[in-house]
**Student:** 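I have a structure I would like to understand better, so I am pasting it below and will then ask my questions one at a time.
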Amino acid sequence: MTQDTLGLDATPIAMAHGANSRKVFIKTYGCQMNVYDSLRMSDALAKDGYVQTEDMGEADLVLLNTCHIREKAAEKVYSALGRLRDMKKLREEEGREFVIGVAGCVAQAEGEEILRRAPAVDVVIGPQTYHRLPQALARVRDGERVIETDYAVEDKFEHLPVAEKAKLRSRGVTAFLTVQEGCDKFCTFCVVPYTRGSEVSRPVSQILDEAMKLVDAGVREITLLGQNVNAWRSTGPKGEEWGLAELLYRLAEIPGLARLRYTTSHPRDMDDRLIEAHRELRALMPYLHLPVQAGSDRILKAMNRRHTGEEYLRLIERIRTARPDIAMSGDFIVGFPGETDQDFEDTLAIVEAVKYAQAFSFKYSTRPGTPGADLTDQVPEDVKAERLERLQARLLKQQNDFAQSLVGKTMDVLLEKPGRMPGQLIGRSPWLQSVNLDAKNMKIGDIIHVRITATGPNSLFAEVA
Ligand code: SAH
Ligand code: SF4
Ligand code: F3S
């Protein structure tokens, strides 16, 4: 990751310089689905003559691919836009084009407000209309300020080009592939059903086609993405109904595709077939992100999660019976309105029972337009902060314990990128950890058997077994 002049991380990007081509700088916020979308926007823009740059200073177009999940995430966008406005002024004095675009979930949720609050913005485009980006930019060049936030009737994926092989190859041996978008669950804290719309599954043929292109370009590991990926449904080749399990079995047949993952799942959509796939499919990595959010049944009900703490624990037990070496990851919210000390203790009890290998936890953030925003019993900030600190200390301890438990064990790692020292490579463990090792006669994309020798702050060290 490099620092750009916004003081933010830039998304690493492959570059191919054409002398007269326009350049686009894309800044990605939020979840993996935005990371995937940014690549697809880059591909659509490449058809339009744009080359991607990591240096915002040379960009003719800056696109912010934004996240609306918590208040802080949304506010970041407006401060970035303030800095971009100043840049645009300088550029205009030099007589150079500088187009500012806002994409992603803030664009969808606050489109009109962005145009009002940030006069320098030229185009606002929601996640369902990225295939219309080139036309939108043409309209900007004709002097319009463009807003595209309708849920498109046409399928964006059918119209978004997949990059050519060389460009795909430059993106490495692991890849994301969005198979499902949107959410019908309406958890009372969450904006996603409003920013991404209702659940839509991509058809099998489209997914297979894209997966095969990725594998042909050297990809060995694909992570299927969806806001509710395990709610993916479509029809198989004989017209039969397929769920995510059937899709995983089919993808595992692609020669060269060694590893599969999927994220994010909702506990209510973990069906028997999918649990069975964890037992049977060696390509399916033993790692599952299955957020619970809270441990108290009262809070789970108020969140509209539609399962109890006990049901969640029993589900994990069934998954672990099917795949004993599976590691769990989760998301938590502390300080949902009405959360008492006892409710919070229930969350800690779930954490103790599950033993997470990895987890993300957040203070509840009130989001306009969600049912949670109308609740009166808000938890004070200092109480939220104190609970978050306690929770994160537990989760960090569990993460370290898990890493420690692997020392001395052997495992397969997928070699992913060069390491810090010459001769070193960084691989990825079945449980998504980075593994550093000295690698002679090995190349990126190889899967090798290693023994873990030590743990570092955020990674493991290994030697060839
Ligand atoms: N579809 C996923 C979650 C997507 S949002 C699921 O159902 O689990 C990613 C995470 O952000 C959520 O799991 C939740 O922990 C957190 N989150 C969402 N809305 C939030 C809010 N209003 N305040 C704090 N955290 C929130
Ligand atoms: Fe948000 Fe709930 Fe849907 Fe996840 S399942 S995206 S938390 S509404
Ligand atoms: Fe954020 Fe939208 Fe993803 S709100 S978490 S970028 S779906």
Side-chain angles (χ1 to χ4, degrees), residues 30-37 40 67-70 73 104-105 108-109 126-128 151 155-157 176-204 206-207 210 222-235 241-248 251 260-278 284-285 287-294 300-301 303-308 311-312 315-316 318-319 326 328-333 336 358-360 362 367 369-372:
C31 64
Q32 291 113 320
M33 303 200 56
N34 266 9
V35 173
Y36 175 83
D37 283 346
R40 298 300 298 265
C67 173
H68 200 242
I69 203 78
R70 283 166 292 274
C105 292
Q108 188 64 43
Q128 309 312 324
Y151 294 125
D155 173 13
K156 73 166 171 185
F157 292 110
F176 291 140
L177 202 177
T178 293
V179 299
Q180 182 276 334
E181 278 217 77
C183 180
D184 297 337
K185 297 284 188 294
F186 291 94
C187 301
T188 54
F189 51 80
C190 184
V191 294
V192 171
Y194 313 98
T195 62
R196 294 277 175 165
S198 52
E199 282 175 9
V200 178
S201 295
R202 290 180 70 185
V204 174
Q206 226 185 56
I207 296 167
E210 193 171 327
I222 291 181
T223 302
L224 305 181
L225 298 181
Q227 269 89 18
N228 263 304
V229 70
N230 58 346
W232 181 89
R233 294 274 170 285
S234 194
T235 27
E241 185 169 323
W242 273 19
L244 190 66
E246 285 74 22
L247 181 63
L248 287 165
L251 286 166
L260 290 166
R261 305 176 187 274
Y262 59 92
T263 197
T264 292
S265 298
H266 192 288
R268 281 181 59 93
D269 292 315
M270 277 315 291
D271 61 21
D272 293 343
R273 291 283 299 141
L274 193 49
I275 296 176
E276 221 23 55
H278 278 282
L284 186 54
M285 290 295 98
Y287 183 90
L288 180 62
H289 185 61
L290 194 66
V292 68
Q293 313 296 356
L300 284 168
K301 191 160 197 283
M303 286 177 161
N304 192 32
R305 291 294 289 181
R306 291 185 290 160
H307 60 75
T308 63
E311 281 163 354
Y312 177 77
L315 173 62
I316 289 185
R318 281 167 55 218
I319 297 166
I326 203 161
M328 300 302 305
S329 144
D331 290 345
F332 297 89
I333 295 176
F336 186 81
Q358 169 81 265
F360 305 92
F362 315 95
R367 307 307 292 127
T370 62

**Student:** Write down the atom of Val204, the atom of Ser234, and the distance for their closest heavy-atom approach.
**Tutor:**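 Closest approach of Val204 to Ser234, heavy atoms only: N-OG, 4.1 Å.
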**Student:** Under 4.0 Å between a Lys/Arg side-chain N and an Asp/Glu carboxylate O for Arg233 and Asp184?
**Tutor:**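 No.
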**Student:** Using 4.0 Å as the upper bound for N to carboxylate O, is an ion pair formed by Arg202 and Glu181?
**Tutor:** no
**Student:** Is the backbone of Pro203 close enough, under 3.5 Å, to the side chain of Gln206 for a donor and an acceptor to pair up by distance?
**Tutor:**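 Not at all, since once roles are kept as given, no pair shorter than 3.5 Å links the two residues.
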**Student:** From Phe336 CZ over to Leu300 CG, what is the distance, rounded to the nearest 0.5 angstrom?
**Tutor:** 10.0 Å
**Student:** With a 4.5 Å limit on heavy-atom distance, are the side chains of His307 and Leu315 in contact?
**Tutor:**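 Contact flag for His307/Leu315 side chains = no.
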**Student:** Report the distance from atom CD1 of Ile316 to atom CD1 of Ile326, rounding to the nearest 0.5 Å.
**Tutor:**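 Here the rounded value is 9.5 Å.
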**Student:** Apply side-chain hydrogen bond (donor to acceptor under 3.5 Å, both in side chains) to Asn230 and list each qualifying residue two or more places apart in sequence or on a separate chain.
**Tutor:** none
**Student:** Can you find a heavy atom in the side chain of Lys185 that is under 4.5 Å from one in the side chain of Gln227?
**Tutor:** no
**Student:** Would you say the side-chain atoms of Arg305 pair up with the backbone N or O of Pro267, donor to acceptor, closer than 3.5 Å?
**Tutor:** no
**Student:** Do the side chains of Arg318 and Asp272 get close enough for a salt bridge, i.e. N-O under 4.0 angstrom?
**Tutor:**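 Counted as a salt bridge, because a side-chain N and a carboxylate O are separated by less than 4.0 Å.
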**Student:** Does the pair Leu247 and Ile207 meet the rule for a side-chain contact (heavy atoms from CB on, under 4.5 Å), with working shown?
**Tutor:** CA-CA 9 Å; Leu247 181 63; Ile207 296 167; 3.9 Å; yes
**Student:** So, taking the atom named CZ in Arg196 and the one named CD in Gln128, what distance separates them when rounded to the nearest 0.5 Å?
**Tutor:**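 One gets 7.0 Å once the value is rounded to the nearest 0.5 Å.
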**Student:** Ignoring hydrogens and geometry, is there a side-chain-to-backbone donor-acceptor pair from Lys156 to Pro127 under 3.5 Å?
**Tutor:**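 Flag set: sc Lys156 to bb Pro127 pair under 3.5 Å.
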**Student:** Heavy atoms, side chains only, cut-off 4.5 Å: are Val179 and Leu225 in contact?
**Tutor:** no
**Student:** For the residue pair Phe157 and Tyr36, categorise the inter-ring angle as parallel (less than 30°), tilted (30 to 60°) or perpendicular (more than 60°).
**Tutor:** tilted
**Student:** How about Tyr262 and His278: are their ring centres within less than 6.0 Å of each other?
**Tutor:**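 Yes, the ring of Tyr262 comes within the 6.0 Å limit of the ring of His278, centre to centre.
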**Student:** So which heavy atom on Cys183 is nearest to which on Asn228, and how close?
**Tutor:** SG-ND2, 2.9 Å
**Student:** CG/Leu224 to CG/Leu248 distance, rounded to the nearest 0.5 angstrom?
**Tutor:**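 Those atoms lie 5.5 Å apart.
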**Student:** Could you report the tightest heavy-atom contact between Ser265 and Val229, atom names first, then the distance?
**Tutor:** OG-CG1, 3.8 Å
**Student:** Using atom types as modelled and distance alone, determine if a side-chain donor or acceptor of Gln180 lies under 3.5 Å from a backbone N or O of Gly182.
**Tutor:** yes
**Student:** Taking the six-membered ring for Trp and the full ring for Phe, Tyr or His, determine whether the centres of Phe186 and Tyr194 are under 6.0 Å apart.
**Tutor:**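 Phe186 vs Tyr194: aromatic centres under 6.0 Å.
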**Student:** Nearest 0.5 Å please: distance from the CD1 atom of Ile69 over to the CZ atom of Phe189.
**Tutor:**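 Atom-to-atom, Ile69:CD1 and Phe189:CZ are 8.0 Å apart.
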**Student:** Looking at Ser201 and Ala231, what are the two nearest heavy atoms and their distance?
**Tutor:** OG-O, 4.3 Å
**Student:** Heavy-atom distance under 4.5 Å between the side chains of Arg273 and Glu246, does that happen here?
**Tutor:** yes
**Student:** Nearest 0.5 Å please: distance from the CZ atom of Phe332 over to the CZ atom of Phe362.
**Tutor:**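 Reported value, rounded in 0.5 Å steps: 10.5 Å.
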**Student:** What side-chain donor-acceptor pairs closer than 3.5 Å can you find for residues 287-294, not counting sequence neighbours?
**Tutor:**
residue : atom : partner : partner atom : Å
His289  : ND1  : Ser329  : OG           : 2.5
His289  : NE2  : Asp331  : OD1          : 3.2
His289  : NE2  : Asp331  : OD2          : 3.4

**Student:** Just to verify, what does Tyr151 make a ring pair (Phe, Tyr, Trp, His ring centres under 6.0 Å) with, not counting sequence neighbours?
**Tutor:**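 Checked Tyr151 against ring pair (Phe, Tyr, Trp, His ring centres under 6.0 Å); zero matches.
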